[in-house]
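One structure below.
First the proteins, then the strands, lettered A, B, ... as listed; each starts at 1. The basis for the numbers below is simple: all heavy atoms, side chains too, and nothing from hydrogens, waters or symmetry mates.
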Number of protein chains: 2
Amino acid sequence: MSGLPIYEVIRRDLLSQIRDGVLRTGDRLPSEPELAAQFGVSRMTVRQAIDQLVIDHVVVRRRGSGTYVTSAPRYRRLNRLAPFRDEIGVGDADVRTEIRERRELVAPPDVAERLLLKEGQKVVRLVRLRTVDGEPAALQESWVPYALAPNLAREDLVEGSLYRTLSERWGVAVKWAEQQISAAAATEEQASLLGVPMGGPLMTIVRLTFSGAESPVELAHSWTRPEYPLLTRLDA
Amino acid sequence: MSGLPIYEVIRRDLLSQIRDGVLRTGDRLPSEPELAAQFGVSRMTVRQAIDQLVIDHVVVRRRGSGTYVTSAPRYRRLNRLAPFRDEIGVGDADVRTEIRERRELVAPPDVAERLLLKEGQKVVRLVRLRTVDGEPAALQESWVPYALAPNLAREDLVEGSLYRTLSERWGVAVKWAEQQISAAAATEEQASLLGVPMGGPLMTIVRLTFSGAESPVELAHSWTRPEYPLLTRLDA
DNA sequence: GAGTGGTCTAGACCACATG
DNA sequence: ATGTGGTCTAGACCACTCA
């Protein structure tokens with residue numbers, strides 16, 4: 001059963017009403033006092049639920065008017081860690097993962113440093129090629145501390161997802177990440193794997209993922225074809 | 001004076017204490033009841049102030065322990081609209097703006113569409129080259145509806161900043177933006193302006209900036225040298 | 001066990017948008 | 001004029017951390 005705070009229950013209820021089409025784009029939510037009455041809670045608790053939806057841009061508040069369901073679902077899942085399928089924004093296309101390499105090795109110095117490992121400690125290196133409808137879309141190289149997921153190099157991934165695997169097999173939940181986004185020219189190997197001309201432009205991301213406040217879980221480099229831009233939303 | 005809500009005053013006070021080094025990285029803030037007493041407000045109001053600092057990753061809360069100043073100032077200003085200097089993350093380097101073009105014209109169809117303009121309506125096109133310590137770093141092409149800022153093509157920008165100019169001259173405050181980030185090969189013109197090889201990789205951003213909920217203020221394309229990566233932070 | 005943040009209540013007054 | 005969200009109060013109990 002629950003254990004969930006009430007505002008979280010309310011948040012999920014509202015979210016599922018939106019996802020299920022009970023509340024549609026542009027619709028006004030019931031007013032805060034109204035929701036408070038419906039759920040039998042105080043208005044501050046309702047506000048707490050709505051606060052979360054506002055942070056995720058699912059709804060917007062308009063003072064004096066009401067709270068409305070946001071128009072653009074494509075901007076909802078951004079600035080958040082998300083499964084590759086959502087990140088690349090291809091909707092219901094056929095997304096597959098092809099593992100090109102998976103092995104244990106002693107961490108190279110630069111990798112060890114960013115993962116806060118000591119010299120000589122091992123890591124698992126994982127290289128995945130992601131395809132969309134059969135066409136290569138992105139290449140991902142991940143480094144995970146061996147101590148965190150000892151059998152990672154010998155086990156299959158849960159649905160191609162490293163984060164799901166870490167969570168379900170080793171109870172390591174990813175909490176946040178920092179990213180550096182840039183561009184680079186495709187190397188010969190990248191070009192052939194991704195089906196782009198050698199020297200052609202690729203989006204690059206270097207990501208360091210954390211579980212707790214200070215413990216890195218994964219260092220990842222990725223190269224993505226430029227026709228899959230990253231969508232972001234910025235607030236003032 | 002003010003008109004500012006109390007929690008905003010408290011937020012700014014705490015922020016300036018952190019910026020000024022009164023509260024340093026890793027320090028614990030006074031407890032919420034303590035702050036409430038200091039500022040003579042209720043605890044919920046203090047929490048509202050701290051909520052904002054948490055969203056911006058300036059502090060973290062630890063249940064049962066306290067609220068602490070975050071370690072990494074470099075991840076604070078992200079996922080937010082920020083001046084070019086902050087966005088490119090060069091600290092106190094010498095950032096300059098060179099205007100390469102500034103003129104009024106009838107909006108091209110694709111620009112008109114994204115700015116929600118009718119056929120035949122005018123826009124101001126602004127092309128800026130940004131340099132860091134004298135070296136070219138980024139090229140920015142902006143399209144602004146003529147009706148929004150009639151004299152933009154004939155007036156100087158406030159410190160090279162389009163957003164500051166729009167705000168100070170025409171009272172148009174930028175509220176949020178959506179971005180598409182990708183990569184592209186430098187054209188011959190871009191290559192010569194940015195000092196990179198023709199065909200070399202550049203980070204590209206297409207940004208649509210809004211003032212109110214539905215009114216676009218600017219469509220911008222930018223090309224940035226890859227040695228200035230974009231920093232982002234993602235939450236789970 | 002004392003202190004912290006997490007949650008929640010049942011009110012209140014205000015500024016603002018809309019009919 | 002009415003209803004909306006924005007702000008704020010003065011409490012309360014809880015789960016958790018840490019000495």
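Rounded to whole Å, the distance from CD on B:Glu8 to C1' on D:dG6 is 13 Å. The nearest whole Å value for the distance from the CZ atom in A:Phe39 to the P atom in C:dC8 is 13 Å. Protein atom CD1 of B:Ile6 is 14 Å distant from nucleotide atom C1' of D:dA10, rounded to whole Å. Following rounding to the nearest Å, A:Ile50 (CD1) and D:dG6 (C1') show an atom-to-atom distance of 12 Å. Protein atom CD of A:Glu32 is 16 Å distant from nucleotide atom P of C:dA17, rounded to whole Å. Distance A:Leu53 CG to D:dG5 P: 13 Å, rounded to the nearest Å. For the pair B:Leu29 CG and C:dG3 C1', the computed distance is 16 Å after rounding to whole Å. Across the protein-nucleic acid pair, A:Gln52 atom CD and C:dT7 atom C1' stand 13 Å apart, rounded to whole Å.
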Each nucleotide in nucleotides 11-19 of chain D should get exactly one letter: B, S or -. Can you fill that in based on protein heavy atoms under 4.0 Å?
-B--SBB--

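Of all nucleotides listed (C:dA10, C:dG5, D:dT9), C:dA10 comes nearest to the side chain of A:Ser42. For B:Gln48, whose side chain is taken as the heavy atoms from C-beta onward, the closest listed nucleotide among D:dT7, D:dG5, D:dT9 is D:dT7. You'll find that the side chain of B:Pro33 is closest to C:dG5, out of D:dT9, D:dG5, C:dG5.
The distance from the CG atom of A:Leu152 to the CH2 atom of A:Trp170 is 5.0 Å, given to the nearest 0.5 Å.
Contact between the side-chain N/O atoms of B:Ser31 and the OP1/OP2 oxygens of C:dT4 is found at a separation under 4.0 Å. Under 4.0 angstrom from either OP1 or OP2 of D:dG5 there lies no side-chain N or O belonging to A:Arg47. Close to C:dC8, at under 4.0 Å from its OP1 or OP2, lies no side-chain N or O of A:Tyr7.
Partners of B:Asp110 under the salt bridge (Lys or Arg N to Asp or Glu O under 4.0 Å) rule, at least two apart in sequence or in another chain, do not exist in this structure. Residues that satisfy the side chain to side chain contact (heavy atoms under 4.5 Å, CB included) test with B:Thr97, not counting sequence neighbours, are B:Arg128, B:Arg130. In terms of the side chain to side chain contact (heavy atoms under 4.5 Å, CB included) criterion, residue partners of B:Glu8 (sequence neighbours excluded) are, by chain and number, B:Leu4, B:Pro5, B:Arg11, B:Arg12. Applying the side chain to side chain contact (heavy atoms under 4.5 Å, CB included) test to A:Pro216 and every residue at least two apart in sequence or in another chain returns A:Leu115, A:Leu116, A:Leu208, A:Phe210. With sequence neighbours left out, the salt bridge (Lys or Arg N to Asp or Glu O under 4.0 Å) criterion links B:Arg24 to no other residue.
Of the candidates A:Glu218, A:Glu104, A:Glu141, A:Arg125 forms a salt bridge (Lys or Arg N to Asp or Glu O under 4.0 Å) with just one, namely A:Glu141.
Where B:Glu34 and A:Pro5 each meet DNA chain C at their nearest nucleotide, the meeting point lying more 5' is that of B:Glu34.
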